[in-house]
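First the structure, in the form of structure tokens, and then the observations on it.
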Amino acid sequence: MSENAPTPQDASKRVFIKTYGCQMNVYDSDRMADALAPHGYLPTQEIGEADLVLLNTCHIREKASEKVFSELGRLKELQGEKRAAGGDMMIGVAGCVAQAEGEEIARRAPVVDLVFGPQAYHRLPDMLEKAQGQRHMHPALKKAVIDTDFPEEDKFAHLPAAKKEATIARGLTAFLTVQEGCDKFCSFCVVPYTRGAEVSRPVSQVLDEARRLVDAGVKEITLLGQNVNAYHGTDSAGRDIGLGELCYLLAEISGLERLRYTTSHPRDMDDGLIAAHRDLPLLMPYLHLPVQSGSDRILKAMNRKHTAAEYLALIERIKAARPDMALSGDFIVGFPGETDQDFEDTLSIIRETGYASAYSFKYSTRPGTPGANLGDQVPEEIKTERLYRLQELVNQQTTAFHASMVGKTLPVLIERVGRMPGQVGGRSPYLQAVHLEGSTDLIGAIHQVEIIGTSTNSLVGRLNQAAAA
Ligand code: SAM
Ligand code: SF4
């Protein structure tokens, strides 16, 4: 290590990590913090006191990518102010924009010291050391350190385990990435290019990480993957284990009370996983299962490899296994060639499925994807109008779903103090936020809560002492 690199004893440095995009980026940001901790960097929420700022970026839609460049403009000013006051600050860009744009970021924003993709996080300390070596160079000679390779080695095997205190500080619920990348190549999506091919972590690695999380007090784990139900890990006997079987193994960990997973592809929702929903009470009855469109013509153009009827039949099978399953989805409006009738078909599948929640987006052309070469783009004002109508329908369904909980008693994992004094908050099995009056002693366990009302995005409850008895 060079003399510029901080040592483990020198914990005086601060890193500020700003996370954009999906839960996988949230997980990755924590892993970056874990990788930097032995090198003397402590996380900070105050950007002004940071010695290192990392932007963990998202490339899924154009808006998400462009945000990064406006943030870099602000950071340049902040760096200037710090330097004027005798300090300094290094700047790194990580994540999918870094992977997709690499050199271009350094060219557009020379203020950047490091650019590295999602497969290079374990090499962050080395990259940082190299970048620090350049710090005192003349600006004309200084070059950003860029690492956007897809390495042969297993990144997870090289990332340090989170310190117990760090996990405790992160709370009662945790993400655990079990799978990365995607081989599906939906024609609108950059993920197969930015995250690479589907890779599953070995079963023992996943179980070890889950046990460490539970040992640090985590009660609920959400398994993550761009295509989480495409998980196929190898166990110590060399057997291929799917996501369903992995859930049965995780269910044996004493102290783990809740399990979720996201995001799933309809094609990978196999019998083993559906059976796990039937058999495992800790597997929560909330499933994010995007369909994107209700029109077979558009589903084909999107390369989703299933029809609307197949999706609906799948939902029926899932509900037969777990009748109270709440569903969530993703929708894209205005995919090239989408007609009024195609859009009506999307509204129909939403009506037929009945969602507890859903995310919806206007189609955004992503360079390098097959969709970018399609003609027949849908005008922006039509996309806006369709998005509005779709969101109105979903909002009605969400409101009705919340209202259907009133009068029921639900097990709620109480996780935090509430926004109002004397309140605590948590999540229902269906991932709804629940607020109730109660002492902070309730935090850290699942309590029976009677739902007495709803507000825009959450449920209001009261402790059901009788149910607890
Ligand atoms: N793997 C998941 C699946 O198969 O549905 C989705 C992962 S993607 C990170 C999250 C969501 O972003 C997608 O489900 C899709 O609705 C949306 N999305 C992806 N590419 C998009 C694009 N080019 N324009 C608009 N929305 C997009
Ligand atoms: Fe993107 Fe999901 Fe399709 Fe993979 S399955 S290409 S991540 S939308």
Side-chain angles (χ1 to χ4, degrees), residues 19-28 56-66 95-97 99-100 118 175 177-200 222-231 243 261-269 287-295 298-306 308 310-311 314 327-338 343 346 349-350 353 355 357-374 377-378 380 383-384 386-387 390-391 394:
T19 308
Y20 299 83
C22 64
Q23 294 103 323
M24 296 200 63
N25 270 9
V26 174
Y27 177 85
D28 287 346
N56 190 7
T57 61
C58 172
H59 198 243
I60 200 82
R61 284 168 290 276
E62 191 180 358
K63 244 192 204 160
S65 295
E66 280 306 313
C96 293
V97 176
Q99 186 65 42
F175 293 131
T177 293
V178 297
Q179 180 279 338
E180 272 201 287
C182 181
D183 297 341
K184 299 280 187 299
F185 290 94
C186 298
S187 59
F188 51 82
C189 184
V190 289
V191 167
Y193 312 95
T194 54
R195 290 273 176 168
E198 281 174 11
V199 180
S200 295
T222 303
L223 308 177
L224 297 180
Q226 264 89 27
N227 234 310
V228 71
N229 58 345
Y231 177 84
L243 188 67
Y261 59 89
T262 197
T263 292
S264 298
H265 191 289
R267 289 266 302 193
D268 292 318
M269 211 59 219
L287 179 62
H288 185 64
L289 194 64
V291 66
Q292 314 295 352
S293 168
S295 153
I298 296 297
L299 286 171
K300 192 158 193 276
M302 286 176 164
N303 194 29
R304 289 292 289 182
K305 300 192 179 87
H306 62 78
E310 282 163 353
Y311 179 82
L314 174 61
L327 289 154
S328 156
D330 289 345
F331 294 92
I332 296 178
V333 299
F335 185 79
E338 185 187 72
F343 177 64
T346 299
I349 205 168
I350 294 174
T353 305
Y355 287 95
S357 70
Y359 303 88
S360 45
F361 315 96
K362 293 187 214 175
Y363 172 68
S364 165
T365 307
R366 304 315 289 130
T369 62
N373 303 323
L374 295 175
Q377 293 286 329
V378 175
E380 192 58 25
K383 286 188 198 170
T384 305
R386 287 181 185 165
L387 188 68
L390 189 154
Q391 290 182 341
V394 169

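We use all heavy atoms of the structure for the numbers below, so side chains are in, but hydrogens, waters and symmetry mates are not. All ligand and atom numbering here is 1-based and tracks the order in the structure. Along the sequence shown, residues carry numbers from 1.
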Next on the checklist: Regarding atom 2 (Fe) of ligand 2: of the candidates K184, R304, K305, which has the closest heavy atom?
Outcome noted: R304
Checklist entry - Which atoms of ligand 2 have any heavy atom of P192 under 4.0 Å away? => result 6 (S)
Item to check | Main-chain N/O of D268 paired to N229 side chain as donor or acceptor, under 3.5 Å | outcome: yes
Checklist entry - Using heavy atoms and a threshold below 4.0 Å, how should the contact between C182 and ligand 2 be classified: side chain, backbone, both, or neither? => result side chain
Item to check | Under 4.0 Å to a heavy atom of K362 - the qualifying atoms of ligand 1, by number | outcome: 24 (N), 25 (C)
Item to check | Per-atom contacts of ligand 1 with I60, taking only distances under 4.0 Å to non-hydrogen atoms | outcome: 8 (S), 9 (C), 12 (O), 18 (N), 19 (C), 20 (N), 21 (C), 22 (C), 23 (N)
Checklist entry - Q292 to ligand 1: N or O pair under 3.5 Å? => result yes
Checklist entry - Under 3.5 Å, side chain of T222 to main-chain N/O of Y261, donor-acceptor pair present? => result no
Next on the checklist: Looking only at distances, can you tell me whether any N or O atom of F331, backbone or side chain, sits closer than 3.5 Å to an N or O atom of ligand 1?
Outcome noted: no
Checklist entry - N303 side chain to S187 main-chain N or O, any donor-acceptor pair under 3.5 Å? => result no
Item to check | Taking atom 20 (N) of ligand 1 as the reference point, the nearest protein heavy atom with its distance | outcome: F188 CD1, 3.2 Å
Checklist entry - Can you check whether I350 reaches F331 side chain to side chain, under 4.5 Å on heavy atoms? => result yes
Next on the checklist: Under 2.8 Å from atom 1 (Fe) of ligand 2 - does any N, O or S atom of C189 fall there?
Outcome noted: yes
Item to check | Ligand-side contact atoms (ligand 2) for residue partner N227, heavy atom cut-off under 4.0 Å | outcome: 4 (Fe), 5 (S)
Item to check | Reported CD-to-OG1 distance for the pair Q226 and T262, which is rounded to 0.5 angstrom | outcome: 11.0 Å
Next on the checklist: So that I can check it, does any N, O or S atom in H265 come closer than 2.8 Å to atom 4 (Fe) of ligand 2?
Outcome noted: no
Checklist entry - Going by an N to O cut-off under 4.0 Å, is there a salt bridge joining R195 and D28? => result yes
Checklist entry - Under 3.5 Å, is there a donor-acceptor pair between the side chain of Y311 and the main chain of T353? => result no
Next on the checklist: I'd like to check which ligand 1 atoms, numbered from 1 as shown, lie under 4.0 Å from a non-hydrogen atom of R61.
Outcome noted: 12 (O), 17 (C), 18 (N), 24 (N), 25 (C), 26 (N), 27 (C)
Checklist entry - Does a sphere of radius 6.0 Å around CZ in F185 hold more than 12 heavy atoms from other residues, nucleotides or ligands, not counting ones at 6.0 Å or beyond? => result yes
Checklist entry - Is there a donor in the side chain of S364 and an acceptor in the side chain of E62, or the other way round, less than 3.5 Å apart? => result no
Checklist entry - Any side-chain heavy-atom pair from P192 and C182 closer than 4.5 angstrom? => result yes
Next on the checklist: Quick check: closest heavy atoms across H59 and A100, and the distance to 0.1 Å?
Outcome noted: CE1-CB, 3.4 Å
Item to check | Side chain, backbone, both or neither: the part of F361 lying under 4.0 Å from ligand 1 by heavy atom | outcome: side chain
Checklist entry - Atoms of ligand 1 less than 4.0 Å from Q226 heavy atoms? => result 1 (N), 2 (C)
Next on the checklist: Donor-acceptor pair, distance only, cut-off 3.5 Å: does the side chain of R267 make one with the backbone of K305?
Outcome noted: yes
Next on the checklist: Starting from atom 3 (Fe) of ligand 2, what is the nearest protein heavy atom, named by residue and atom, and what distance separates them?
Outcome noted: C186 SG, 2.3 Å
Next on the checklist: Tell me if a side-chain donor or acceptor on K362 pairs with a main-chain N or O of E380 at a distance below 3.5 Å.
Outcome noted: no
Item to check | Flag, side chain of N227 to backbone of G181, donor-acceptor distance under 3.5 Å | outcome: no
Next on the checklist: I'd like to know whether ligand 1 has T263 as a neighbour, heavy-atom separation below 4.0 Å.
Outcome noted: yes
Item to check | Contact with ligand 1 for R304, non-hydrogen, under 4.0 angstrom | outcome: yes
Checklist outcome for this item: Quick look: P290 vs ligand 2, heavy-atom contacts under 4.0 Å, and the answer is neither
Checklist entry - ligand 1 and H265, any nitrogen or oxygen pair closer than 3.5 angstrom? => result no
Next on the checklist: Determine whether any protein heavy atom is located less than 4.0 Å from atom 7 (C) of ligand 1.
Outcome noted: no
Next on the checklist: Whether the side chain of N25 engages the backbone of T19 through a donor-acceptor N/O pair (distance < 3.5 Å, no angle test) should be reported.
Outcome noted: no
Next on the checklist: Would S264 count as a polar contact of ligand 1, with the cut-off being nitrogen or oxygen pairs under 3.5 Å?
Outcome noted: no
Checklist outcome for this item: If we number the atoms of ligand 2 from 1 as shown, the ones under 4.0 Å from a heavy atom of F188 are 8 (S)
Checklist entry - Which atoms of ligand 1 have any heavy atom of P290 under 4.0 Å away? => result 5 (O)
Checklist outcome for this item: When distances are taken from atom 10 (C) of ligand 1, the protein heavy atom at minimum range is D330 OD2, 3.7 Å
Checklist outcome for this item: Counting heavy atoms under 4.0 Å, the part of S364 that contacts ligand 1 is both
